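Everything below concerns the one structure shown next.
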Amino acid sequence: MKPQADLKPQAGQAESLFSRARTQSMSLDRIISERDAVNQAREAKTARLRELRLEKEAEERAAAAVAPKHTGKR
């Protein structure tokens, strides 16, 4: 009967280790998911700002092309 009695503490320890490993895995998955969401948001914001900058530069070039050029001579 002693071998069965020894299995219960080992089974409990194994369950505890498995539970801890599962919890750590779930925490890691959550952290990775949050990191990916932050990266995606940053990339979207960067793309939006780049588009706005390019539009502004194009407008400035167009305005400069239309504006009369001053030679500084009178």
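Worth knowing before you read on, the calculation uses all heavy atoms, side chains too, and leaves out hydrogens, waters and symmetry mates. Small disclaimer: the values here were computed from a predicted structure and weren't measured.
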To the nearest 0.5 Å, how far apart are [atom1] in [X] and [atom2] in [Y]?
X	Y	atom1	atom2	result
Asn39	Ile32	CG	CD1	11.5 Å
Arg50	Glu43	CZ	CD	10.0 Å
Glu15	Arg22	CD	CZ	10.0 Å
Leu52	Glu57	CG	CD	11.5 Å
Ser19	Gln24	OG	CD	10.0 Å

Say whether, by atom type as modelled, one donor and one acceptor occur between the side chain of Ser27 and the main chain of Thr23 under 3.5 angstrom.
-> yes
Answer yes or no: is there a donor N or O on one side and an acceptor on the other, between the side chain of Thr46 and the main chain of Arg42, under 3.5 Å?
-> yes
Do other residues, nucleotides or ligands put more than 12 heavy atoms under 6.0 Å from Gln13 CD?
-> no
pair Gln40-Asp36: side-chain heavy atoms closer than 4.5 Å = no
